[in-house]
Each structure stands twice: as C-alpha cells, then as structure tokens.
Amino acid sequence: GAGGPSLGSQLEDLRGDVWLSTVGPMSLMRWDRATGRIVDLTAEAGVVAEFASFCNGPDGSVWIGTGNYGGQLATNGGLLRYSNGRFDRLTVADGVPDGWLRALYVDRAGRLWIASSLGGLVRVDDPAAERPRFVAYTTAEGLSSDNVWCVVEDLWGRIYAGTTRGVDRIDLKSGAVRHYTSADGLPKTQPQCAFRDRN
C-alpha cells in the first residue's frame, strides 16, 4: 500500500522456497514452501544495507548481494552466503568488490560472478569454499568501466558485462576483452540486465 514497503529482488531457491527483499523498511524474507509461512531473516542476516541481488549457488546455497561501501561510506553490507541454515557475510576485507553488488551469476563451470557499481566484475572460482577467493576484472584488466550492472555467459563460455560504457565480452581462455558500444548497434543507454537465450 501507499507508504508501505516496496518489493525489491526475488529468487526461488533450489528447494522451492522464495527469497524476497523489501525497501522502506529494508528487510530480507523467505517464503517457506513446506510450511507456507514467511520467515523474516533481516536480523539473522545482520545487514542494514539494501539487498540488491540473489543467486543460487551450485551447491544449493543462496548468495545475496547488498550495498558494500568501504572507507567513509562504510555500511554494514557485503556479500551473504546462506548455507546449512546460517549466513556467512563476506566484505571488502575478504575480496568482495566495493559498491552495490547489483547482479550475481553462476556460470556453467560453477563460478560465481559479481557485478559491482564501483569494483568492476569479480569471479569466485569455488563458491562452496569456506573462504572463497575473489578475482577482479576492472579497468586495469581491460573493462571499459568499473561500474557494472549485469553479467551473463554465452554458449562458448565467454562472459558479458553490461557497464555504463556498453558491453564488455571477456574471453576467459585468452583474457581478451572486447568492447561493444552504440557504434556496434547497442542503444546509447547502459544495459541493466542481460539474459542468454537457448541459441
């Protein structure tokens, strides 16, 4: 209703439960399919930043991206992993990129990709590890911008990052990054979501 919370991100996990976030006030909830009840997980998650993105991990975990600012803009955000009935919070100190973690994506090899508003694109090779290792792709590695909105993979295993300066395609075998812009036929606005079709 008017003045009430607004629905944010949603995800159906591998068990069939549905994860929801709201803003105004910020909250994290899960609809439990077995009981038909909604469980408020906000306090258990221990995060006061807005929940921005969800993703199923290859091991059945649920990953949740939030606002994650370091330095003077510090908030209690980061990257959450829900596994075996508990939350783990990973932060900039663990290698999580700065900024809003806008999109999370798991590729065919089971790697987790994180699109960040300040820290570019980050890859996690073993999301099930107790302490995952983060590998950054930023302008230093050839991205056109460190402000990434979305990420997706094609059938050949190349990764596409939608940035404020177009779309960057990363060839993981060679390390080459190709930039696509309005000169290649993209709209002049920044891509905010990306999907691969079955072809």
Side-chain angles (χ1 to χ4, degrees), residues 5-69 75-117 119-136 148-153 159 161-162 192-196:
S6 302
L7 188 61
S9 301
Q10 314 95 43
L11 170 81
E12 182 177 355
D13 68 19
L14 299 178
R15 294 175 10 148
D17 296 340
V18 178
W19 294 73
L20 309 162
S21 68
T22 65
V23 292
M26 291 177 285
S27 61
L28 176 66
M29 296 173 287
R30 184 185 67 228
W31 175 72
D32 185 82
R33 184 175 295 279
T35 65
R37 294 180 181 232
I38 294 178
V39 180
D40 188 337
L41 299 169
T42 311
E44 186 180 340
V47 172
V48 297
E50 185 176 335
F51 301 97
S53 52
F54 291 100
C55 183
N56 284 309
D59 61 345
S61 58
V62 172
W63 289 83
I64 305 164
T66 73
N68 185 46
Y69 291 95
T75 63
N76 184 18
L79 180 66
L80 297 175
R81 175 176 54 190
Y82 184 81
S83 181
N84 299 318
R86 71 181 187 93
F87 286 100
D88 292 316
R89 186 165 67 95
L90 304 162
T91 66
V92 172
D94 299 301
V96 174
D98 240 356
W100 285 106
L101 309 184
R102 290 183 174 132
L104 304 175
Y105 179 81
V106 174
D107 68 17
R108 292 178 305 167
R111 296 172 293 217
L112 174 68
W113 294 84
I114 305 164
S116 166
S117 66
L121 186 64
V122 172
R123 186 186 82 220
V124 181
D125 291 331
D126 186 3
E130 184 176 339
R131 280 289 169 227
R133 188 173 74 81
F134 298 86
V135 178
V148 181
W149 280 85
C150 55
V151 58
V152 73
E153 175 187 28
I159 299 296
Q192 295 188 5
C193 61
F195 298 95
R196 186 196 77 213

*Nearest heavy atoms of R81 and E130, plus distance in Å*: NH2-O, 3.2 Å
*Side-chain donor or acceptor of S21 paired with backbone N/O of S9 under 3.5 Å*: yes
*asked:* I'd like to know if the side chain of S27 and the backbone of T42 have a donor-acceptor N/O pair within less than 3.5 Å.
replied: no
*If we only count heavy atoms from C-beta on, is the W113 to E153 side-chain gap below 4.5 Å?*
no
*T66 OG1 to L79 CG distance, which is reported to the nearest 0.5 Å*: 7.5 Å
*Looking at CG of L28 and CZ of F87, how far apart are the two atoms once the value is rounded to the nearest 0.5 Å?*
5.0 Å
*Does V152 have any side-chain contact (heavy atoms from CB on, under 4.5 Å) partners at least two apart in sequence or in another chain, and if so, which?*
Y105, Y160, A194, R196
*What are the two closest non-hydrogen atoms of L14 and N56, and how far apart are they?*
N-OD1, 3.6 Å
*Apply the side-chain contact (heavy atoms from CB on, under 4.5 Å) test between P132 and each candidate in D94, D125, L90, D126; give the one that qualifies.*
L90
*Quick one: CH2 on W31 to CG on D17, what's the gap to the nearest 0.5 Å?*
7.5 Å
*Side chains of W63 and V106: does their closest heavy-atom pair fall under 4.5 Å?*
no
*Mind checking salt bridge (charged side-chain N to carboxylate O under 4.0 Å, His left out) for D40 and listing every partner two or more places apart, or none if nothing turns up?*
none
_Is there a side-chain contact between V62 and I64 in this structure, where contact means two heavy atoms from C-beta onward sitting under 4.5 Å apart?_
yes
*Point-to-point distance, once rounded to the nearest 0.5 Å, from SG of C150 to CG of L104*: 12.5 Å
*In chain order, what residues pass the side-chain hydrogen bond (donor to acceptor under 3.5 Å, both in side chains) check against D13, with sequence neighbours excluded?*
W19
_Just to verify, what does R37 make a side-chain hydrogen bond (donor to acceptor under 3.5 Å, both in side chains) with, not counting sequence neighbours?_
none
*asked:* Ignoring hydrogens, what is the shortest heavy-atom contact between G99 and S117? Give both atom names and the distance.
replied: CA-OG, 3.4 Å
*Which heavy atom of L112 sits nearest a heavy atom of C55, and at what distance?*
CD1-SG, 4.2 Å
*Which pair of non-hydrogen atoms, one from R123 and one from R111, has the smallest distance, and what is that distance?*
CD-CD, 3.8 Å
_So for atom CZ, which belongs to R33, do other residues, nucleotides or ligands contribute more than 12 heavy atoms lying within a distance under 6.0 Å?_
yes
_One thing to verify: whether D88 and R131 come together as a salt bridge, which I'm taking to mean a side-chain N less than 4.0 angstrom from a carboxylate O._
no
*Residues that D59 engages under side-chain hydrogen bond (donor to acceptor under 3.5 Å, both in side chains), provided they are two or more places apart*: S61
*Of all residues at least two apart in sequence or in a different chain, which pass the side-chain hydrogen bond (donor to acceptor under 3.5 Å, both in side chains) check with W149?*
none
*asked:* So which atom in A136 and which in V122 form the shortest heavy-atom distance, rounded to 0.1 Å?
replied: CA-CG2, 4.2 Å
